[in-house]
Amino acid sequence: MKKMLELIAEEVGQAFEKAGYDKEYARVTVSNRPDLCEYQCNGAMAGAKVYKKAPIMIANEVVAYLLDSKKIASAEAAAPGFINMKLRPEYIATYLNDMKVAKDLGIEKAMNPKTIVVDYGGANVAKPLHVGHLRSAIIGESLKKIARFLGHEVIGDVHLGDWGYQMGLVITELQKRQPQLPYFEENYQGDYPKEPPFTIHELEEIYPTASTRAKEDEEYKEEALRATYLLQNGHRGYTAIWNHIMNVSVADLKKNYGNLDVTFDLWKGEADAQKYIPAMVEHLKEGGYAHLDDGALVVDVKEDSDTKEIPPCMILKSDGAALYDTTDLATLVEREELYHPDEVLYVVDKRQELHFTQVFRCARKTNIVKPNTKLTFLGFGTMNGKDGKPFKTREGGVMRLEDLIREINEQMYEKIADNRMMSQEEAKETARMIGLSALKYGDLSNQASKDYMFDLERFMSFEGNTGPYILYTIVRIKSILAKYMETNKSMEECMLRGAVTESQRSLMLEVVKFNEIIEIAHEECAPHKICAYIYEVANAFNKFYHETKILAEENEDTKESFIALLILTKKLLETCIDLLGFEAPERM
RNA sequence: GUUUCUGUAGCUCAGUAGGAUAGAGCGUCCGCCUCCUAAGCGGAAGGCCAGCGGUUCGAAUCCGCUCAGGAACGCCA
């Protein structure tokens, strides 16, 4: 379905043309003066200069051609040249009825569906997920769903940090603790044990211990680097350990992401890109792109328009080892080969912007990606605590995701437990759903690129602009519809009619905006616009709800129209929260 | 130091193809349950949109400077 703004703009465009003006001035927006009108067009003022005419005259001429419109009920020119319009109630109702029966609420699917790889999550193997991983997961998941909803082929890749020095550290520490293991036995030819030599909890403790030791002990560090080197060159025993680390760690990561309802299509990582590195390096050398600088192999990515120094993209360290840049480039090689993406979207901490600028430029310059492959960096800001500094636990440490989620679920359970009659099991599941909505909405309602204050107490509140408030609104609708179903069977046949009250009309006008909003959220990578939108829809609904006795309505047609509006509103809210990555319970 | 992002109500945040009177929530104060979930709804108070200058019919929005805070700046990822 076409967007309402487009439909009205077409109408107004025709009027502009009939009046002898270019229809490009006929851009229509939702009015910022709802007391005066519903939609407005400011094109007369923009055109005034070109046509050397007073804007109000242009507006008046255009308005004259709008009076017999089937969509627009009233149009008037206001000083200095606004064109103010109201829609015909039955036209709004028709539009909403179409939405109600259309697939996916009549969203316009992409004309040319793109293949989009979304690189998000950013988890590291052998390290627990912590709050620092939250934003990437939440924002990336939402963007993935939005793009998919619009008809694109979207591939979500967790892109694990599963290669390099950190693995050498774990191997070294393990060797210190259990030197008798066969992995460390030289010339060992037999099979290695199937059971991993550590649990996830031990693994999560091994890494930080090793990391700390390496910083204090030069010799230890050398060993870890050596282990890293051997692993990368196929050392049999270390590879076996690496596989254990992967198995243990990935299982745990899947569980954690599962708690967040975040799912990836691909569990690829840096290790997968390794095999593409030699050929890529060859390509960079042969193409004359790379040169040696201080012993390191680099590709210059400076551009004339730069306002600052952009350091070259470093491909190989002076000791010959690969780096962050290398792996990300090789991953692009891999992605080109396997998926031929039209776009690769990175949802990463904004502090990595420079790195991705380098990688993107290098990939383009060296033809690692096709010229028309879009590379997008969506950098998100830091989660700050109430003190305005990066979020920490009370003890000053990094909070583990697992602990955070457990705490949210427990608190939410206590909040709802004494409120309603519910089995413990249902209450637990309900608390989980509400808790997740609080967490995700709290994050997503902020503009991704900005730092934001992580205030759980506020996010978990049922009042105000929060996830729980949105869920509460949906639950209210569900409750009415359930009651309606008890006496009436065919809910789906209910038809919307023109609004009978102001609050109903406002709600209808909110619902109309749906495809407009989703499209913008996609284009701008801005889930927060969906949050703002559903908050307005929820407000409009609650006002309508408050002023209207829906089930007690005596006029059957009107009642059915109310029910139809409720069905549509519910579908809309549910669709939107699904795009944000959470869902609503039956009751709460 | 260079570059870059941010600065909007007491607090947390919306608000870009420049538009009419800058919006929410929380907090504060005042109202509303015989009625579909009051986890709701209505109302009040609260602003030099960091400051100064410019562009123009018109600026929170575009440009310049200043101030304040954060971040990044080649062999970690």
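What you see is a predicted model; the values in this text were computed from it and never measured.
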Q: Determine: side-chain N/O of A:S479 to OP1/OP2 of B:U37, distance under 4.0 Å, yes or no.
A: yes

Q. Phosphate oxygens OP1/OP2 of B:C76: is one of them under 4.0 Å from a side-chain N or O of A:K215?
A. no

Q) Just to confirm, is there a sub-4.0 Å distance from OP1 or OP2 of B:C76 to any side-chain nitrogen or oxygen of A:H355? A) no

Q: Would you tell me if any nitrogen or oxygen in the side chain of A:K483 comes within less than 4.0 Å of OP1 or OP2 on B:U37?
A: yes

Q. Quick one: A:I470 CD1 to B:G40 C1', roughly how many Å, whole number?
A. 14 Å

Q) Side chains of A:Y469 and A:N542: donor-acceptor distance under 3.5 Å anywhere? A) yes

**Q.** Rounded distance in Å - OH (A:Y452) to P (B:C26)
**A.** 20 Å

Q.
Using Watson-Crick or G-U wobble geometry with both distances under 3.5 Å, which nucleotide pairs with B:G53?
A. B:C63

Q: May I ask you to say what A:L323 touches in the nucleic acid, namely base, sugar-phosphate or nothing, with a heavy-atom cut-off under 4.0 Å?
A: sugar-phosphate

Q: Can you tell me the distance, in whole Å, between the CD atom of A:E510 and the P atom of B:G23?
A: 16 Å

(Q) At 4.0 Å (heavy atoms only), tell me whether A:L551 reaches a base, stays on the sugar-phosphate, or touches nothing. (A) base

Q: Indicate yes or no for a side-chain donor-acceptor contact from A:R361 to the backbone of A:V301 under 3.5 Å, with no hydrogens or angles considered.
A: yes

**Q.** Check: A:T327 main-chain N/O paired with A:T331 side-chain donor or acceptor under 3.5 Å
**A.** yes

**Q.** Closest-nucleotide 5' rank along RNA chain B - winner of A:G295 and A:A552
**A.** A:A552

Q) Looking at A:K450, does any N or O in its side chain come under 4.0 Å of the phosphate oxygens OP1/OP2 on B:A14? A) yes

Q: May I ask you to say what A:D455 touches in the nucleic acid, namely base, sugar-phosphate or nothing, with a heavy-atom cut-off under 4.0 Å?
A: nothing

Q: Counting Watson-Crick and G-U wobble pairs only, both distances under 3.5 Å, name the nucleotide matched with B:G47, or none.
A: none

Q. Is any side-chain N or O of A:K127 closer than 4.0 Å to OP1 or OP2 of B:A77?
A. no

Q. Has the side chain of A:D451 got a donor or acceptor atom that lies under 3.5 Å from a matching backbone atom of A:T382?
A. yes

(Q) Which is it for B:C33, anti or syn, if anything within 90° of zero counts as syn? (A) syn

Q. Base, sugar-phosphate, or nothing for A:D294, non-hydrogen atoms under 4.0 angstrom?
A. base

Q: Let me know, please, whether A:A46 or A:R587 comes out on the 5' side of the other along RNA chain B by nearest nucleotide.
A: A:A46

Q.
Given B:C73, B:C75, B:G40, identify the nucleotide with an atom nearest to the side chain of A:A296.
A. B:C75

Q. Under 3.5 Å, is there a donor-acceptor pair between the A:K53 and A:Y21 side chains?
A. yes

Q) Hey, are A:E574 and A:K478 close enough for a salt bridge, meaning a charged N less than 4.0 Å from a carboxylate O? A) yes

**Q.** Distance-only donor-acceptor test, A:N42 side-chain atoms vs B:G18 base atoms, 3.5 Å
**A.** no

Q. Quick one: which of B:A39, B:C13, B:A20 gets closest to the side chain of A:N446?
A. B:C13

Q) In whole angstroms, how far is the P atom of B:A77 from the OH atom of A:Y207? A) 11 Å

Q) Under 4.0 angstrom, heavy atoms only, what part of the nucleic acid is A:N32 near: base, sugar-phosphate, or nothing? A) base

(Q) For B:A14 and A:S445 - does any side-chain N or O of the residue sit under 4.0 Å from the phosphate oxygens OP1/OP2? (A) no

(Q) Between the base of B:C75 and the side chain of A:S318, is one N or O donor paired with an acceptor at under 3.5 angstrom? (A) yes

Q | Name of the residue among A:E38, A:Q40, A:K86 meeting side-chain hydrogen bond (donor to acceptor under 3.5 Å, both in side chains) with A:S31 | A | A:Q40

Q: Using a heavy-atom cut-off of under 4.0 Å over every strand shown, decide if A:L316 touches base, sugar-phosphate, or nothing.
A: nothing

Q) Donor-acceptor pair, A:Q166 side chain versus A:G161 backbone, under 3.5 Å? A) yes

Q: Write down the distance between CD (A:E309) and P (B:U3), rounded to a whole number of angstrom.
A: 12 Å

(Q) Should the side chain of A:N542 and the base of B:A39 be counted as holding a donor-acceptor pair, with the cut-off at 3.5 Å? (A) no

Q | Nearest-Å distance for atom pair CG/P, residues A:L471 and B:G40 | A | 12 Å

Q. Heavy atoms under 4.0 Å, any strand shown: does A:D35 hit a base, just sugar-phosphate, or nothing?
A. base

Q.
Expressed as a whole number of angstroms, how long is the span from A:I517:CD1 to B:A14:C1'?
A. 12 Å

Q. So, is A:Y469 near the phosphate of B:C41, with a side-chain N or O under 4.0 Å from OP1 or OP2?
A. yes

Q | Selection from B:C75, B:A72, B:C36 that lies nearest to any side-chain heavy atom of A:M314 | A | B:C75

Q | Short side-chain N/O contact from A:Y545 to OP1 or OP2 of B:A38, under 4.0 Å | A | yes

Q.
Looking at A:R351, I'd like to know whether one of its side-chain N or O atoms comes within less than 4.0 Å of OP1 or OP2 on B:A77.
A. no

Q. With sugar-phosphate meaning primed atoms plus P, OP1 and OP2, does A:D300 contact a base, only sugar-phosphate, or nothing at under 4.0 Å between heavy atoms?
A. nothing

Q.
Looking at B:A72, which nucleotide sits across from it as a Watson-Crick or G-U wobble partner, both distances under 3.5 angstrom, or is there none?
A. B:U2

Q: Determine if A:F82 stacks with B:A20; use a centre-to-centre distance below 5.5 Å and an interplanar angle below 30° as the criteria.
A: yes

Q. Is there a side-chain polar atom (N or O) of A:Q447 under 4.0 Å from OP1 or OP2 of B:U6?
A. no

**Q.** Between B:A39 (P) and A:M460 (CE): distance, integer Å
**A.** 17 Å

Q) For the base of B:A20, is there a side-chain donor-acceptor partner from A:Q40 under 3.5 Å away? A) yes

